[in-house]
Number of protein chains: 2
Amino acid sequence: MPRAGLSHDAVVRLALQVVDDGGSRGFAELSLAKVAAKAGVAAPSLYKHVGSLADLRREVAVLAIREVTAASTAATVGRAGADALHALANAWRSYAREHPGRYAATQIGPDPEDPADARQRDAAAEGVQVVVAVLRGFGLPDDRVIDAVRAVRAGVHGFVMLELGGGFRMREDVDQSFAVLLDMLVAGVAALGTPNALLEHDTPGSHR
Amino acid sequence: MPRAGLSHDAVVRLALQVVDDGGSRGFAELSLAKVAAKAGVAAPSLYKHVGSLADLRREVAVLAIREVTAASTAATVGRAGADALHALANAWRSYAREHPGRYAATQIGPDPEDPADARQRDAAAEGVQVVVAVLRGFGLPDDRVIDAVRAVRAGVHGFVMLELGGGFRMREDVDQSFAVLLDMLVAGVAALGTPNALLEHDTPGSHR
DNA sequence: CCGCCTTGGCTAATGGGCGTAGCTTTATGG
DNA sequence: CCATAAAGCTACGCCCATTAGCCAAGGCGG
C-alpha cells in the first residue's frame with residue numbers, strides 16, 4: 001500500500017542503473033522486469049510512467065548519445081586541429097569505457113522511417129556536428145569534410161567497439177594502439193587538406 | 001505424420017535463412033520459433049538437432065566469421081601491400097553489405113571465460129591472422145604490427161558498422177568515403193614502417 | 001515378411017517477459 | 001470532508017524457450 005514515489009524520470013534513472021550494472025551487455029539485457037525489481041514495484045506499474053520497453057530503450061539511447069556529445073564538446077572547447085581531434089577521440093573512448101552499457105545503447109541504428117526514432121536521429125546528428133566542427137579546423141575543402149568525418153567516426157567507433165567487445169588481446173598495449181590510430185587519422189585528415197598528397201596516386205581496387 | 005527430414009546442418013541452414021531475411025536485425029531477432037516455422041515443424045522438435053537457441057546462435061556466429069575470413073583470404077591471395085589491403089577491406093565490406101544479418105552475428109563478443117565460446121574465439125583469431133598477414137607485407141617492425149592490425153580492423157569494422165546502422169546520410173558518396181578511409185589507413189600503415197614520419201612529433205592528449 | 005528399437009516428430013506443460021484491463025487505494029485540492 | 005486523478009496492484013493473454021513424455025516411421029536383424 002505504500003507508494004514507491006516513481007516518476008518518468010525516476011524510471012529512466014533506474015533503467016540507467018540496470019544498463020550500467022550489466023556491463024557492455026547491460027543495454028541488450030535491459031528489461032522492464034529488472035527495472036521494476038530495482039524500483040520495488042510490480043512490472044505493470046511501470047506503464048504508468050513509461051509507454052513501453054521500446055520507449056524506455058529509446059529514451060536511454062537518446063540520453064547516452066547526448067552524454068557522449070556533451071563529453072566530446074566539453075573536451076574540445078578551446079582546442080583546435082590535431083589537439084582537438086585527440087581530445088575528442090579520447091573523451092569518446094573514455095565515455096565508452098566508463099559506461100559500456102550506455103555506449104552500446106548509442107549503437108542501435110534508429111529506423112529512418114519511424115517518427116518515434118526522430119529524437120534519437122536528431123541527437124545522433126548533433127553528435128556528428130561536434131566531429132564536423134573539429135574537422136573544419138583542419139581547413140579542408142568543403143566536399144572533403146564529409147569523408148574526413150566518416151573516417152574519424154569509423155576509426156574511433158570501430159576501435160571502441162572492438163575494445164569493448166574484447167576483440168583485443170594484450171590489454172596493456174591498447175592505449176598505444178589507440179594513439180597510433182589517432183595519429184593515422186590526424187595525418188590522413190591533414191593530408192586531405194593538401195591535395196595530391198594522398199588520393200591522387202591511383203589506388204587499385206578503390207574508387208569503383 | 002510425414003517426417004520433415006531435418007538434421008543439425010539443415011537447422012543451421014534454416015537459421016541462416018532467418019538471419020538473412022531479417023536484414024541487419026536478422027541475427028538479433030533470430031528465434032527458434034522462426035526457424036521452426038520455416039522448417040514446418042513444431043518448435044520443440046528442433047531440440048532433437050540443436051542444444052539450445054544460444055548454441056544455434058553460436059553456430060551461426062562461427063559460420064559467419066569463417067565466411068568473412070574466407071572472403072578476405074580469397075580476395076588477397078596473390079596480392080601484396082596497398083593492393084592487398086584494398087582488396088581485403090573491400091571484400092570485408094562487401095560481405096557485410098551482402099549479408100548484414102550474418103555480419104551482425106560476427107559482432108557479438110565471445111565470453112573469454114565460457115568454454116562454449118571457444119570455437120568462436122578461435123574463428124575470430126583466424127580472421128585476424130589474415131589482416132596480420134596482409135600487414136606483414138608492409139615490412140613493419142614487429143612491435144608495430146599489432147597497432148597497424150588494430151587500426152585497420154577498427155577503421156574497416158567501424159565504417160561497415162556505421163554504414164549498416166544507417167549512420168551515413170547521402171548514400172551516393174559512401175564508396176568514396178570508404179576509399180578515403182582506406183587511403184588514410186594505407187598511408188598510416190606505410191608510415192609506421194618509416195619511423196619519425198608520424199609518431200614522433202609529440203601529440204598532446206595521446207600516449208597518456 | 002515381421003517385429004524391434006532408434007529416432008524424429010508431436011502435444012502438454014512450466015516459467016518468464018511484455019503488455020492490457022480493470023480494481024483499489026492514496027493523496028491532493030477544493 | 002469528499003471527489004477525483006494518479007499510482008499502485010492482481011489477473012489475464014500472448015509469445016517465446018525449454019522440459020517431459022508420448023507415438024509413429026522406418027531401418028535392420030532375424
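Every chain is numbered from 1, with letters handed out A, B, ... down the list of sequences. In what follows, every heavy atom counts, from backbone to side chain, and hydrogens, waters and symmetry copies are set aside.
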Figure out the [atom1]/[atom2] separation between [X] and [N], and round it to whole Å.
X: A/Leu6; N: C/dT26; atom1: CG; atom2: P; result: 16 Å
X: B/Leu46; N: C/dC10; atom1: CG; atom2: C1'; result: 13 Å
X: A/Leu53; N: C/dG17; atom1: CG; atom2: P; result: 12 Å
X: A/Tyr47; N: C/dA21; atom1: OH; atom2: P; result: 12 Å
X: B/Asp55; N: D/dT19; atom1: CG; atom2: P; result: 11 Å
X: B/His8; N: C/dT7; atom1: NE2; atom2: C1'; result: 17 Å
X: B/Arg3; N: C/dT7; atom1: CZ; atom2: C1'; result: 6 Å
X: B/Lys48; N: D/dC22; atom1: NZ; atom2: P; result: 12 Å

* State whether A/Arg121 and A/Asp117 are salt-bridged, where the test is any N-O pair (Lys NZ or Arg NE/NH1/NH2 against Asp/Glu carboxylate O) under 4.0 Å. =>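 Result for this pair is no, no salt bridge flagged.
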* State yes or no: are the ring centers of A/Tyr103 and A/His99 separated by less than 6.0 Å? => no
* Would the B/Phe168 and B/Phe178 ring centres measure less than 6.0 Å apart? -> no
* Does C/dT7 have OP1 or OP2 sitting under 4.0 Å from an N or O in the side chain of B/His49? -> no
* Asked: Within the pair A/Ser45 and D/dA7, is there a side-chain N or O less than 4.0 Å away from OP1 or OP2?
  -> no
* Structure fact -> Note: contacts of residues 22-44 of chain B with DNA chain C (heavy atom, under 4.0 Å) are B/Val41, B/Ala42, B/Pro44
* Hey, what bend do you get for the helix from C/dC1-D/dG30 to C/dG30-D/dC1 if you fit axes on five pairs at each end, rounded to 10°? -> 10°
* Structure fact -> What one should report as the nearest heavy-atom pair of B/Val19 and B/Gly101 is CG1-C, 3.4 Å
For the atom pair [atom1] ([X]) and [atom2] ([Y]), what is the distance rounded to the nearest 0.5 Å?
X: A/Ile65; Y: A/Gln107; atom1: CD1; atom2: CD; answer: 11.0 Å
X: A/Ser24; Y: A/Arg102; atom1: OG; atom2: CZ; answer: 14.5 Å
X: A/Asp173; Y: B/Asp147; atom1: CG; atom2: CG; answer: 7.0 Å

* **Side-chain (A/Arg153) to main-chain (B/Gly167) donor-acceptor, under 3.5 angstrom** =>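 Checking the backbone N and O of B/Gly167 against the side chain of A/Arg153, a donor-acceptor pair under 3.5 Å is found.
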* Return each pair, listed once, that meets side chain to side chain donor-acceptor pair (under 3.5 Å) where at least one residue sits in residues 34-49 of chain A; pairs must be two or more places apart or across chains. =>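 Residue pairs with at least one partner in residues 34-49 of chain A: A/Asp21-A/Lys38.
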